[in-house]
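One structure is given here, and the rest of the page talks about it.
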Amino acid sequence: MAERTSRLMLALAVLAGVGLMLALRSLPPPGQEVGLTPVVRAVLEDPGSPAFAHPGADVTVVVFTDYQCPICRATEPALDRVLAADPRIRVIYKDWPILGDRSRIAARAALAAQRQGRYRQLHHAMMASPRPLDVAAIADLARAAGLDEPRLQADLARDGAAIDAQLARHAFQAWSLGLRGTPAYLVGPYLLQGRMGEAALRRALARARTSPPA
């Protein structure tokens, strides 16, 4: 009986350890301070990356994302809530399609939507959509989000090479930062990889705002 109890306790301890390991792996590290290196300057100053800011923004959040990444999709509402509540944030979106053809199709459409000034509308629609992001689904989502869908297709055809070059720059920037996948965030001078809930993002912003300027 004692031996059976001991085995049960050992099994529970192992399960608890595995659960803790998986939980820790889903959390971002505390944040690597990267400073304003030439790589970081290239990330922040790339004119082709969709960026949005209110006047007087005092901290920049860069987000590397993939439309098929389940963690990106799950944490997108937290980022949106923080952006809506804090007018002093500048956000830069880095579409980094690493999960296959549908990821790339979606990322190309998002950058084409930027030509209409409606990147975020299509970005949010694709992040929230339960449908597989194929060409037909994206066309429907674009129309529902208020885009001129024929123009979207025309911009994709006309500017396809420029869009592909932009995605290549995003991929190179991610590689240069040593990113392992999506999502990843640069919050002020701190690089964080993995899941970022609302509370974690607010802590990262507070930390960035108290850091001395580079």
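Residues take their numbers from the sequence shown, with the count starting at 1.
A search for side chain to side chain donor-acceptor pair (under 3.5 Å) contacts involving Thr60 returns nothing, not counting sequence neighbours. Taking Phe64 as the reference, nothing meets the ring pair (Phe, Tyr, Trp, His ring centres under 6.0 Å) condition, with sequence neighbours excluded. Checked against side-chain contact (heavy atoms from CB on, under 4.5 Å), Arg104 has the following partners two or more places apart in sequence or in another chain: Pro97, Arg108, Asp164, Leu167. The ring pair (Phe, Tyr, Trp, His ring centres under 6.0 Å) search around His123 returns Tyr67, Tyr93, Tyr119, not counting sequence neighbours. In terms of the ring pair (Phe, Tyr, Trp, His ring centres under 6.0 Å) criterion, residue partners of Phe172 (sequence neighbours excluded) are, by chain and number, Trp175.
Ser129 contributes no side-chain N or O that, together with a main-chain N or O of Ala125, makes up a donor-acceptor pair within less than 3.5 Å. For Arg169 (side chain) and Gly48 (main-chain N/O), no donor-acceptor pair under 3.5 Å exists by modelled atom type. Looking at Thr37, its side chain does come within 3.5 Å of a backbone N or O of Val40 through a donor-acceptor pair. Side-chain N or O atoms of Arg118 include one that pairs as donor or acceptor with a backbone N or O of Ala145 at under 3.5 Å. The closest donor-acceptor contact from the side chain of Glu149 to the backbone of Arg143 lies at 3.5 Å or more, if one exists at all. When atom types are taken as modelled, the side chain of His170 and the backbone of Asp95 share a donor-acceptor pair closer than 3.5 angstrom. Gln68 places no side-chain N or O within donor-acceptor distance of the main-chain N or O of Gly100, the cut-off being under 3.5 Å. Between the side chain of Arg115 and the main chain of Leu111, a donor-acceptor pair closer than 3.5 Å is present. For Asp134 (side chain) and Ala137 (main-chain N/O), a donor-acceptor pair under 3.5 Å exists by modelled atom type.
We find the OG1-CD1 distance between Thr182 and Ile71 to be 8.0 Å, quoted to the nearest 0.5 Å. Note that SG of Cys69 and CD1 of Ile98 are 7.0 Å apart. Values are rounded to the nearest 0.5 Å. From Leu186, atom CG reaches atom CD1 of Ile92 across 8.5 Å, with rounding to the nearest 0.5 Å. Ile138 CD1 to Leu122 CG: the interatomic distance, rounded to the nearest 0.5 Å, is 7.0 Å. With rounding to the nearest 0.5 Å, the separation of SG in Cys72 from CG in Asp66 is 6.0 Å. In this structure, OG1 in Thr65 is found 7.0 Å from OH in Tyr185, a value given to the nearest 0.5 Å.
Residues Arg131 and Asp140 are paired through a salt bridge, judged by an N-O separation under 4.0 Å between the basic side chain and the carboxylate.
At a threshold of 4.5 Å between non-hydrogen side-chain atoms, the residues Met196 and Pro183 do not count as touching.
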(Q) Run the side-chain hydrogen bond (donor to acceptor under 3.5 Å, both in side chains) test on Asp46 and Gln173 for me, step by step, so that the C-alpha distance in whole Å, both residues' side-chain angles and the decisive distance to 0.1 Å come before the verdict. (A) CA-CA 10 Å; Asp46 184 343; Gln173 291 161 12; 3.0 Å; yes
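Counting only residues at least two apart or on different chains, the side chain to side chain donor-acceptor pair (under 3.5 Å) pairs with a member in residues 78-91 are Asp58-Arg88, Asp80-His124, Arg81-Glu198, Asp86-Arg209.
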